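Report on one structure; see the data block that follows.
All chains are named by letter (A, B, ...) in the order of the sequence lines, taking the proteins before the strands, and each is independently numbered beginning at 1. Keep in mind that this is a model prediction, so the values were computed, not measured.
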2 protein chains.
Amino acid sequence: MAEPEKKTARRRRLPSAERRQEFINKAIDFFAEEGFESSTRGLAKRLGVTQPLLYRYFPSKEDLISEVYETVYVHRLKPDWTEMITDRSQPLEQRLNRFYEVYTDAIFDKTWLRIFLFSGLKGVDINRRYVELLRERIIEPIVDEARHEFGLDPETAKDDELEFAWVMHTGIFYYGVRKLIYEATVLEDKTRMIEDAVAAFLLGLRRKMVGGSGTGPS
Amino acid sequence: MAEPEKKTARRRRLPSAERRQEFINKAIDFFAEEGFESSTRGLAKRLGVTQPLLYRYFPSKEDLISEVYETVYVHRLKPDWTEMITDRSQPLEQRLNRFYEVYTDAIFDKTWLRIFLFSGLKGVDINRRYVELLRERIIEPIVDEARHEFGLDPETAKDDELEFAWVMHTGIFYYGVRKLIYEATVLEDKTRMIEDAVAAFLLGLRRKMVGGSGTGPS
DNA sequence: CACCTTATTTATCGATTGAAAAATAACATC
DNA sequence: GATGTTATTTTTCAATCGATAAATAAGGTG
């Protein structure tokens, strides 16, 4: 009465290169949701293939994870970010607003943020490299441009100025974390959030660099 | 020739209450370092006891983890934080500087930050509750005090003002993450970092609330 | 159609996991 | 010092882990 029940599952037999990339892409989503401690069997199930097949394409789970990191981080890197910040044909405030609009469009992605946070907690090397890259290509250029704006020597950026830029940057960054990771209620107007942060940053930086209006109401 | 090799390890046989608390306290450090996926055997080894003993005190690994969360979060809660912010006998800027000095002293701890970040990624309920508590006891009071300072109705705090306070707050918070989790080089002068952030926050907020000095240099 | 390559599955291994059951020894009390 | 309680260890189990070896079938080439 029961049907013949063909046991052997259909095999799609994709060419190697595509298959490999498909595995990596879906592994990114999988590990971002479940964490890197999740099993290769769970991943294979989601992929619709058997678990040993993964080992045809990656020598070990760790190698697969490395490729996940590499792909995730590399794909978000836009080399023209620095140019957006240093393009003096526009006012600095406008440049920063535009940059953070674009930057947050790139990284405010649930998968990316989770991978970033996971890798940071694990002390993975690529996370450190990314943070260093941020400093070189974003934080330092921002402070340099601000010093230029205020007529100071760009070469002598102070540590507290860089720190101040970090605080603004990570404050904006964490808006995405609160929204997409903690799923908290945030201001829906992202542009407004950025403009307020950038404006306060420049106000505060000018106060630090060239003195100026105090803070108290008196 | 070999010595008698007494097999049975010495047993300390601590009273139940102390033992339990000792387990929780050391479990906090253990899971903060190794992550919550680490084995109960690894934990027992660090505790200097056998693994099944853990199950005398906690019905399951998950129950132990819950106690870890509870202990970590509860121990950091200082109910007088709100009072520090709302004590109008001092200028607001001074209050905020003092509050963030104390607050960061409390949470800039490698173990606490790691547990917080882990629990956030896992979507644990207590993390959400903590963030909501932050809003009620810190973020909203800050904005209310600022509105009072600028002669506005404290009851009509706008969403963008709360968001702006969040950005400053999380920017300060992330200074600790960069230093203790990413082990990045940060400005050693924490007080300076706080003062700059708070000053810029108040400058920016006054600009938002009552208008005032623009940002551009012209 | 025959043949070869290789993508994929089946089956399995040893290690490790959370957890339970049973044995044992430390301590309190009389 | 005998006795009962219970903290602790020893032993063990079933499930799951990453990984390997062998069997199988899909597809290309002649």
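- When the side-chain nitrogen and oxygen atoms of A/Tyr57 are compared with OP1 and OP2 of C/dA7, none of them lie within a distance under 4.0 Å.
- Within the 4.0 angstrom heavy-atom criterion, base atoms lie near A/Thr50.
- C/dA20 atom C1' lies 18 Å from atom CZ of B/Phe58, rounded to whole Å.
- When each of A/Thr191, A/Asp189, A/Thr185 is paired with A/Leu187, the side chain to side chain contact (heavy atoms under 4.5 Å, CB included) condition holds for A/Asp189 and for no other.
- Side chain of A/Lys61, nearest nucleotide from D/dA19, D/dT9, C/dA19: D/dA19.
- To the nearest angstrom, C1' of D/dT16 lies 14 Å from CD of A/Glu37.
- Of the charged side-chain nitrogens involved, none lies within less than 4.0 Å of a carboxylate oxygen, so that A/Glu33 and A/Lys110 do not count as a salt-bridged pair.
- Proximity note for B/Pro52 (side chain, C-beta onward) versus D/dA19, D/dA7, D/dT9: the nearest is D/dT9.
- The number of heavy-atom neighbours closer than 6.0 Å to NZ of B/Lys61, taken from other residues, nucleotides and ligands shown, is above 12.
- Remark: A/Arg19 is in phosphate contact with C/dT8, judged by side-chain N or O atoms under 4.0 Å from OP1 or OP2.
- Of the candidates D/dT9, D/dA19, D/dA7, D/dA19 carries the atom nearest the A/Tyr55 side chain, counting heavy atoms from C-beta on.
- Counted by atom type alone, B/Tyr73 and B/Asn127 present one or more donor-acceptor pairs between their side chains at under 3.5 Å.
- Applying the 4.0 Å criterion to OP1 and OP2 of D/dG18, one finds that A/Thr40 has a side-chain N or O inside that range.
- Residue order along DNA chain C, read from the 5' end via each residue's closest nucleotide, puts A/Arg56 first among B/Gly42 and A/Arg56.
- Close to C/dT16, at under 4.0 Å from its OP1 or OP2, lies no side-chain N or O of B/Ser39.
- Picking from D/dC17, D/dT9, C/dA19 the nucleotide with the shortest atom distance to the side chain of B/Arg41 gives C/dA19.
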